[in-house]
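Please read these numbers as outputs of a predicted model, since none were measured by experiment. FYI, side chains are in, hydrogens and waters are out, and symmetry mates aren't considered; it's all heavy atoms of this structure.
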Amino acid sequence: MSGSCRSFAVYVFFFINLILRTSASVVSVGDFNKDFYITWAPDHVNTSTDGRERSLRLDQQSGSAFASNSMFLFGQIDMQIKLIPGHSAGTVVAYYLTSAQPNRDELDFEFLGNVSGQPYILQTNVYADGFGNREERMYLWFDPTADFHTYSVLWNLHQIVFMVDWLPIRVYRNHADKGVPYPRWQPMGLNASLWNGDSWATRGGQDKVDWTKGPFIASFRNYKIDACIWRGNPRICRGASTGNWWNKPAYRTLTPRQSRLLRWARKYHLIYDYCADKQRFKNNMPKECTLPKY
């Protein structure tokens, strides 16, 4: 190959690489009809004419669900959700990222319904390499059925941060170097669902779904996906390119203010932490429970 041909080949290689790097990150704040598809019971899913708002319905016939068209590896995702008002015992509204593989990675927000007058419970969970059992539960400091609130997850090589109205409520740090599984290789899609979980969701399954109170409806709107689209090469998403802002040093840990807000949320609103459940794990606690959380 002549020198000019080699130079041209090198130029093409770097040009294609530049395109891949600059197009890997996507910011979508738009249309449910364009960014998601319905995975369960289309007749139980209602989308506004402009595609900006979508609701899921649960009744005795079926629940419902939708999922993103793309898979992502790192980024931040925000979704505004308004939960089921009134008597919602036994219902589960789930909003989560999942790789849907046998050894799946998954980041869960699960909203557990309750009887009228009792607060909703927000359960978060982290699956890594197919293993979960990392549940935390908390009461929210507002009525999540009265209006929309923003539920977010920041996921990068260093930490996973669960947020409510941009206030951190949980951090799962990357301690892979110490033998703790961490979601870092598998791309994940964004999912939302509404389903009957009355075998466990409310008071350990004691309160069942009261179908006379239905149908049960949860609403979603104003999502923002600022994440790296999976194109088959993890190095693109793991790199520190301009588009991958979440990999920059500023996002490796919480800011001092975020740390204070996290401590406040956990002090006053956390009601269950798997790392404090010695009876469940028979004093053989998961390794991450002995390591710094943030």
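Annotation: Y272, atom OH; neighbour count of heavy atoms from other residues, nucleotides and ligands within 6.0 Å is above 12. Applying the 6.0 Å contact sphere to NZ of K278 captures no more than 12 heavy atoms from other residues, nucleotides or ligands.
Of all non-hydrogen atoms in A201 and G90, the two that sit nearest each other are CB-O, 4.2 Å.
When atom types are taken as modelled, the side chain of N247 and the backbone of G239 share a donor-acceptor pair closer than 3.5 angstrom. Proximity of a side-chain donor or acceptor of D59 to a complementary backbone N or O of S62 within less than 3.5 Å is detected. Looking at Y223, its side chain does come within 3.5 Å of a backbone N or O of D31 through a donor-acceptor pair. Checked by atom type and distance alone, the side chain of Q159 pairs as donor or acceptor with a backbone atom of Y251 at under 3.5 Å. In this structure, S48 contributes its side chain and E53 its backbone to a donor-acceptor pair below 3.5 Å. N174 places a side-chain N or O within donor-acceptor distance of the main-chain N or O of L157, the cut-off being under 3.5 Å.
For the residue pair T47 / R54, a side-chain donor-acceptor distance below 3.5 Å is found, with atom types taken as modelled. Under 3.5 Å, the side chains of N125 and Q123 contain no donor-acceptor pair of N or O atoms. When only modelled atom types and interatomic distance are considered, Y172 and E136 share no side-chain donor-acceptor pair under 3.5 Å. Side-chain contact check for N156 and R252: no donor-acceptor pair (N or O, by modelled atom type) lies under 3.5 Å.
Under the 4.5 Å side-chain criterion, counting only non-hydrogen atoms from C-beta, L122 is in contact with I169. No side-chain heavy atom of Y96 sits under 4.5 Å from any side-chain heavy atom of V153. Residues R266 and V171 form no side-chain contact, since every pair of their non-hydrogen atoms from C-beta on lies 4.5 Å or further apart. In this structure the side chain of Y182 never reaches within 4.5 angstrom of the side chain of H175, judged on heavy atoms.
Between F111 and F109, the ring planes are parallel. Angles under 30° get that label, and only those over 60° would be called perpendicular.
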Set out, in order, the CA-CA distance, both residues' side-chain angles and the distance that settles side-chain contact (heavy atoms from CB on, under 4.5 Å) for R170 and V126, then state yes or no. CA-CA 11 Å; R170 178 178 186 175; V126 175; 4.1 Å; yes
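Rounded to the nearest 0.5 Å, atoms CG (L112) and CH2 (W200) are 5.0 Å apart.
A distance of 6.0 Å or more separates the ring centres of F220 and Y95.
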